[in-house]
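From a predicted model like this one, the values you see are computed outputs, not experimental measurements. Position 1 is the first residue of the sequence, and the numbers go up from there.
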Amino acid sequence: MSNQTNEEVKVGHGDIPSDVQMKPVSLGTNDLGAKVDPAATPKIGESSILNDPKGHYPSVKVAVIGNVDSGKSTLVGVLTKGGKDDGNGEARKKVFNYHHEIENGRTSSVAHEIMGFDEKGKQYIPERFNPNKNKYWAEVVSHTSRLVTLIDLCGHEKYLKTTMFGLVGLIPDYSMIIVGSNMGIQRMTKEHLGITIALKIPFFVVMTKIDMCPKHVFEETLDTLQRLLRSPVVGRKPIMIKEDSDVDLCAEGLSWDKICPIFCVSSVTLENMDRLTRFLYLLRPRHDQISVIKTAKHPVEFDIHETFMVTGVGLVISGIVKSGTIKTHQQLLLGPDKMRAFRSVIVRSIHVSRLAVEEAASGEFATLAIKPMDKGALTRADFRKGMVVIDPALKPTPIWEFEAEVVILHHATTIQTGYQAVVHCGVIRQAVNIQKMNAELLRTGDKGTVRFRFMYHPEYLQKGLTILLREGRTKILGTISSVFEG
């Protein structure tokens, strides 16, 4: 075993390289021994949904990823619903969306759960668990001023495309990578880590099941993890969270992409769960650092994730507001549909965090009840993956071909004209064909300019968007430089 096995990186200004120096987090108090900077103290309560009739309040989105059976859903259940797990996954039953997930214990869909905090940072957990999410969320939101949304993604390789959709389309602020301390670093753990790094999402690691893991196995897993984080590809300084002050410092420095905090927790004994909870509370939204999220003053752009038919309401769509502010009774365009057209619709009502609001601003995850402006009906059959709701002022045009500056992260052999793969770009998930390249062949590590064409439907695309292509173990990362209507 490596000599680094028992190495623990203690947080402190003297232990952090000069290029990673972190200023102390300000919380307005000194209860954890952290230095206090009153000028930088976040005015959390001022943004409470209770104080804002339009329903805007701070919200942080954290993607929960990692290998299958590492305890992701159980951890999410414990963090959001409170209480201990029984060691057999009882907590995860409060998180799963479908009955078959409860039966086999594996997540196959994207689940959203919230943690609510008051202005003093205390988490609010209802005394009684209500399986009705609408009522449960309404109670949490009504008692809190800050929300953390945990996006529970799939760990099994079979559902990797769903996990990629969550990381690319849901635009999380941070990734929480779960590692089962008794399982070691698995291939899918590295796969999820690689995608997170490619998308430039700040991340931290949570090692679970420490209550049942033998000491030598835990140390071996920790050693492997620390060496992986220090590797040139990852380039992060691993920091073991052992003290309350460590939490404050690391929460401030996480978005600088220099460090990776490591929490060692147990969902059964709740060991270190209070520190992880506080860390999540201290995280701040990164809307100003995410290029695809524009300001509330820009024209509306809304990526559609899911569609529903609600009795008494009609068609409802859910997704993220990437730009602008959506208001009730606002007229927007929906498309491009299966006929490659955009259709005028009107917004009938809006919900954010399952509560009715007057408007939804950029960066918020919302559901919209919409109806067509014409006399025709609008059903779920009219939708396909990749559709958006957009401001008519943008005059959207369906795009068949686009050009991107790419880097080949991994490919077993060579890539050439005619190569096909599935591209992930926001909510778009469709097969593309390489039309031409600025080089005859591209191999792992190569960079180039490549022109792609969608194989089935045109999509709404813009320059500057990040694309991620995957086919088997092949991964290609790129940025769209040009779009072509023809």
Give a yes or no on whether the backbone of [Y] and the side-chain of [X] come within a donor-acceptor separation of less than 3.5 Å.
| X | Y | result |
| --- | --- | --- |
| Arg227 | Leu225 | no |
| Thr208 | Ser70 | yes |
| Gln330 | Lys327 | yes |
| Thr80 | Ile114 | no |
| Glu364 | Ala361 | yes |
| Ser323 | Pro299 | yes |
| Asn132 | Lys135 | yes |
| Lys209 | Val179 | no |

Of all residues at least two apart in sequence or in a different chain, which pass the side chain to side chain donor-acceptor pair (under 3.5 Å) check with [X]?
| X | result |
| --- | --- |
| Gln186 | none |
| Gln435 | Asn433 |
| Asn130 | none |

Taking the side chain as every heavy atom from C-beta outward, state whether [X] and [Y] have any atom pair closer than 4.5 Å.
| X | Y | answer |
| --- | --- | --- |
| Leu229 | Ile262 | yes |
| Ile480 | Leu461 | yes |
| Leu153 | Lys72 | no |
| Leu75 | Met176 | yes |
| Asp374 | Arg343 | yes |
| Asp173 | Val62 | no |
| Tyr174 | Leu283 | yes |
| Leu79 | Val148 | no |

Does the pair Leu334 and Phe383 meet the rule for a side-chain contact (heavy atoms from CB on, under 4.5 Å), with working shown? CA-CA 10 Å; Leu334 168 68; Phe383 287 79; 3.7 Å; yes
Just checking, any donor-acceptor pair under 3.5 angstrom between side chains of [X] and [Y]?
| X | Y | answer |
| --- | --- | --- |
| Arg443 | Thr414 | no |
| His411 | Thr474 | yes |
| Glu157 | Tyr159 | no |

Would you please test Glu403 and Thr449 for side-chain contact (heavy atoms from CB on, under 4.5 Å) and show each step? CA-CA 7 Å; Glu403 199 169 79; Thr449 302; 3.6 Å; yes
Ring pair (Phe, Tyr, Trp, His ring centres under 6.0 Å) for Phe484 and Phe402? Distances and angles first, verdict last. CA-CA 6 Å; Phe484 307 95; Phe402 63 95; 9.0 Å; no
Minimum heavy-atom separation for [X] and [Y], please, with both atom names.
| X | Y | value |
| --- | --- | --- |
| Leu280 | Met115 | CD1-SD, 3.7 Å |
| Ala360 | Ile350 | CB-CG2, 3.9 Å |
| Met183 | Val68 | CE-O, 3.3 Å |
| Ser175 | Leu167 | OG-CD2, 3.8 Å |
| Ala421 | Glu471 | CB-CB, 3.8 Å |

Basic-acidic side-chain contact under 4.0 Å: [X], [Y]:
| X | Y | answer |
| --- | --- | --- |
| Lys294 | Glu301 | yes |
| Lys94 | Glu113 | no |
| Lys475 | Glu191 | yes |
| Glu401 | Arg451 | yes |

Can you measure from [atom1] ([X]) to [atom2] ([Y]) and round to the nearest 0.5 angstrom?
| X | Y | atom1 | atom2 | answer |
| --- | --- | --- | --- | --- |
| Ile195 | Leu477 | CD1 | CG | 11.0 Å |
| His192 | Leu160 | NE2 | CG | 5.5 Å |
| Leu442 | Tyr419 | CG | OH | 11.5 Å |
| Gln289 | Lys200 | CD | NZ | 12.5 Å |
| Phe263 | Thr277 | CZ | OG1 | 9.5 Å |
| Ile201 | Lys61 | CD1 | NZ | 10.5 Å |

Can you tell which of Gln430, Arg340, Arg429, Lys385 makes a side chain to side chain donor-acceptor pair (under 3.5 Å) with Glu459?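 One option only clears the test, and that one is Gln430.
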Verdict with reasoning, Leu332 to Val347, per side-chain contact (heavy atoms from CB on, under 4.5 Å): CA-CA 8 Å; Leu332 300 167; Val347 179; 3.9 Å; yes
side-chain contact (heavy atoms from CB on, under 4.5 Å) assessment of Leu147 paired with Thr144: CA-CA 7 Å; Leu147 291 182; Thr144 58; 3.7 Å; yes
Decide if atom CE of Met339 counts as having more than 12 heavy atoms of other residues, nucleotides or ligands within a radius under 6.0 Å.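 Counting other residues, nucleotides and ligands, CE of Met339 stays at 12 neighbours or fewer.
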OH of Tyr456: more than 12 outside heavy atoms within 6.0 angstrom?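 Counting other residues, nucleotides and ligands, OH of Tyr456 stays at 12 neighbours or fewer.
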Under the ring pair (Phe, Tyr, Trp, His ring centres under 6.0 Å) test against Phe117, which residue among Phe279, Tyr281, Tyr124 passes?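 Exactly one option meets the ring pair (Phe, Tyr, Trp, His ring centres under 6.0 Å) with Phe117, and it is Tyr281.
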Over 60° means perpendicular and under 30° means parallel, so classify the ring planes of His305 and Phe365, tilted if in between.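 Tilted: the ring planes of Phe365 and His305 meet at 30° to 60°.
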May I have the step-by-step check of side chain to side chain donor-acceptor pair (under 3.5 Å) for Asp152 and Ser73, ending in yes or no? CA-CA 6 Å; Asp152 187 22; Ser73 298; 2.5 Å; yes
Step by step, work out the side chain to side chain donor-acceptor pair (under 3.5 Å) result for Thr74 and Arg92. CA-CA 4 Å; Thr74 300; Arg92 68 190 179 194; 4.6 Å; no
